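Chain letters run A, B, ... following the sequence lines, proteins first, then strands; residues in each count from 1. Because the structure is a prediction, the values reported are computed rather than measured.
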Amino acid sequence: MIDTVRSRAAELLKSGEVSVVVGYREGRRRELAVPHFVRDVADVDALVLDPFCSGGLAVFATREAVSQGAAFVATPQDIRSLRVLVQEGQITSENVRIIGFACQAPGNPAGEIRLLEGSRLEDFDNVIECAADNNIAAEVARIMAMPPEERWRFWRAEFDKCVRCYACRAACPMCYCAECIADRNLPQWIETTARPRGNFAWNLIRAWHLAGRCTLCGACERACSEGIKLTLLNAMLAAEVRDAFDYVAGFGCADEAGVFASFKDSDKEEFLIDG
Amino acid sequence: MKVLEKSRMRDLLAAIMAAGSRLVAPVEREGSHRFAWVDSAAEVRLPDITCDNTIKEFFFPRAERLLTYKRAANRVDITAPAVSEAPFVVFGCRPCDAAALDIVDRVFNWDSPDKTWNARREAATVVTIACSRADEYCFCTSVGLAPDSRTGSDVILLPLESGDFAVETVTDKGRAFVEKYAASLSDQKDTAAKIASVPQKADATAAAKWLKANFDSGLYADASERCLGCGICTYYCPTCHCFDIQDEADGLSGARLKAWDSCSFALFTKHTSGHNPRADRPSRWRQRIMHKFSYYPDLFGVISCTGCGRCGRMCPVDLGVLETLTAIPGEDT
């Protein structure tokens, strides 16, 4: 299987379709394959594919050196992330190629991997497989069933862990703003020190800015050095968006506008008119 | 020699707390080992390597109040918290953790002594455990340290084959500690300690020469290509000490805070004009490497890295300074 990945990477580079293949190579420890940029056909043998290729490479798509033509060794969530980036006008689908794979148990050495058919983003329209979505639904339900005070304490304890390293932002494909609101300091919109108030403000605004955009790739939570349950928070907002607008980020096709950039007659307007 | 028997470690920790001293020691939380204030010896769980966080936060907190202010009718009342620290013991850190204290002492006593850092250093007794294991990220021997270095420790515990620890005093403070808690220790005949073997992976001193001569090298762009630009490597570094001063207001009152900051962030060097002298990732990565292995040794005579390996171990993309050190031409040993 890795031979297929390598030969497809080589073909894409040789044909000039892309100038870089963003994939994985072995890390220092077994449980973490690391992002690897291949620009030279001779280097494709460094690429690996195993259950420790955790996804999230779409974060590199908006970098200038990559956005001009790149292939991504991509999970279904990464494909969805790339699609959102196209919808939001950050990259053009013409410049994206995909070497898609799905692992039925990511992070588990025995996790089975299969390659996905297709090369261009359009080939993956309506790819919906996504194990993470199902696993987290029960946890969302558990949190939502808590009385508000208990839920408040739960999130307060989670956000208290935050050291404000912004790894969640750095690892997120959707956090591509040239200047993040957290870095706007004239005036300082969000307190920067790792104290409860600023930590709450930062973690909530990060999540809000991802509503209707997050594809639940989990890169933020994997990057978080304090184990904050960021995917859970993202999933709660994704559930809100799904219930209110019947919309899941990154599904469908890239030329459809995102949920907050479009209007449908069926959109609910309870906040304007009663019912 | 004095020995701390493995089975009596919790007795010692309980005795420390019973004597009125506060205690910082490793605990386990959600599958990760952390240095934390502990209330009971039963909470303590020693990690194989070291904890994910560093002990610097007990000397240089993530966010610390320098003063509080309150606006009144025609004046502003300012209150500065008293600089005094009750004694505490840091137990179970590693030589790479303790050595960092000695390194940071220098910058915090350079032009203007940092009162709170010094007060906490004064109040702390550091009881280190030498390493009997190392992982693929450890590189203390590449920066002139060792798994049983004494620097920064007051007492060092050397692991024995039996699982007990030989107790060696390093400073006067350490001697007083051993005398005070003698009842928790025993006497045994001398046995050799079982110390980890940490292969030398780079020569940081030789690397410093190359760094100085190759400021404009393309190495930094290559080395930092997959860097995400977060602050993990700096916030989990035992020697990174950069901070920001922020006023956080609450209506007419508020606090002035000293809080961790990171050279990984673009905002770190952004001027008021909008110009940023370190506008891209490679220049920020270069700064991190140069500061540790060139500028700091020039200013203070020590490398500002203890080889603890956290910058790689904690990094979401497994980067860390060692990879760059070993990529320096001719320095790959």
(message) Heavy-atom cut-off 4.5 Å, strictly under: side chain, backbone, both or neither for Tyr166(A) against chain B?
(response) both
(message) Using only atom types and a distance under 3.5 Å, with no angle test, would you say the side chain of Arg62(B) pairs donor to acceptor with the backbone of Cys162(A)?
(response) yes
(request) Measure Cys315(B) against the heavy atoms of chain A and call it side chain, backbone, both or neither at under 4.5 Å. (result) backbone
(message) So for Arg310(B), is it side chain, backbone, both, or neither that comes closer than 4.5 Å to the heavy atoms of chain A?
(response) neither
(request) Might you confirm whether atom CZ of Arg184(A) has over 12 heavy atoms from other residues, nucleotides or ligands at distances under 6.0 Å? (result) no
(request) Check for a donor-acceptor pair, side chain of Arg164(A) on one end and backbone N or O of Trp260(B) on the other, with a separation under 3.5 Å. (result) no
(request) Select, from Gly229(B), Ser32(B), Pro316(B), the one with the greatest count of heavy-atom pairs under 4.5 Å involving chain A. (result) Pro316(B)
(message) Does Glu43(B), at its CD atom, have more than 12 non-hydrogen atoms belonging to other residues, nucleotides or ligands within less than 6.0 Å?
(response) yes
(message) Please classify the contact of Arg29(B) with chain A as side chain, backbone, both or neither, using a heavy-atom distance under 4.5 Å.
(response) neither
(request) Name, in order of residue number, those residues of residues 261-277 of chain B that have a heavy atom at a distance of less than 4.5 Å from a heavy atom in chain A; otherwise write 'none'. (result) Phe265(B), Leu267(B), Lys270(B)
(request) Could you tell me whether Trp189(A) atom CH2 has more than 12 heavy atoms of other residues or ligands within 6.0 Å of it? (result) no
(request) Check whether any side-chain heavy atom of Arg25(A) lies under 4.5 Å from a side-chain heavy atom of Arg226(B), and answer yes or no. (result) yes
(request) Heavy-atom pairs under 4.5 Å with chain B are the metric here; pick the option from Ala167(A), Ala223(A), Pro35(A) that has the most. (result) Pro35(A)
(request) Heavy-atom distances under 4.5 Å only: say whether Arg29(A) touches chain B with side chain, backbone, both or neither. (result) both
(message) Quick check on the interface: out of Asn185(A), Val163(A), Asp183(A), who has the most heavy-atom pairs with chain B under 4.5 Å?
(response) Val163(A)
(message) Counting C-beta onward and ignoring hydrogens, is there a side-chain heavy-atom pair between Glu226(A) and Glu30(B) closer than 4.5 Å?
(response) no
(request) Against chain A, work out which of Leu319(B), Leu257(B), Asp135(B) has the most heavy-atom pairs shorter than 4.5 Å and name it. (result) Leu257(B)
(message) Counting heavy-atom pairs under 4.5 Å with chain B, which one of Thr192(A), Val22(A), Leu186(A) comes out on top?
(response) Thr192(A)
(request) Kindly check if the number of other-residue, nucleotide or ligand heavy atoms within 6.0 Å of CZ (Arg28(A)) is above 12? (result) yes
(request) Without swapping roles, check the side chain of Asp318(B) against the backbone of Ala33(A) for a donor-acceptor pair under 3.5 Å. (result) no
(message) For chain B, which candidate among His36(A), Arg197(A), Glu179(A) shows the most heavy-atom pairs at distances under 4.5 Å?
(response) Arg197(A)
(message) Let me confirm one number: the CG-SG distance from Leu228(B) to Cys165(A), rounded to the nearest 0.5 Å.
(response) 10.5 Å
(request) Could you walk me through whether Gln246(B) and Arg195(A) pass side chain to side chain contact (heavy atoms under 4.5 Å, CB included), step by step? (result) CA-CA 12 Å; Gln246(B) 287 275 335; Arg195(A) 299 201 304 161; over 6 Å; no
(request) Among Gln188(A), Arg222(A), Arg169(A), single out the residue with the greatest number of heavy-atom pairs under 4.5 Å to chain B. (result) Gln188(A)
(message) Could you report the tightest heavy-atom contact between Ala249(B) and Glu191(A), atom names first, then the distance?
(response) O-OE2, 4.0 Å
(request) Under 4.5 Å heavy-atom distance to chain B, tell me which part of Val59(A) shows up: side chain, backbone, both or neither. (result) side chain
(message) Counting only non-hydrogen atoms closer than 4.5 Å, does Leu322(B) touch chain A with its backbone (N, CA, C, O), its side chain (CB onward), both, or neither?
(response) side chain
(message) Quick check on Arg151(A): does its CZ atom have over 12 non-hydrogen neighbours (other residues, nucleotides or ligands) under 6.0 Å away?
(response) yes
(message) Please determine whether side chain to side chain contact (heavy atoms under 4.5 Å, CB included) holds for the pair Thr193(A) and Glu64(B), giving the CA-CA distance in whole Å, both sets of side-chain angles, and the decisive distance to 0.1 Å.
(response) CA-CA 9 Å; Thr193(A) 69; Glu64(B) 154 164 56; over 6 Å; no
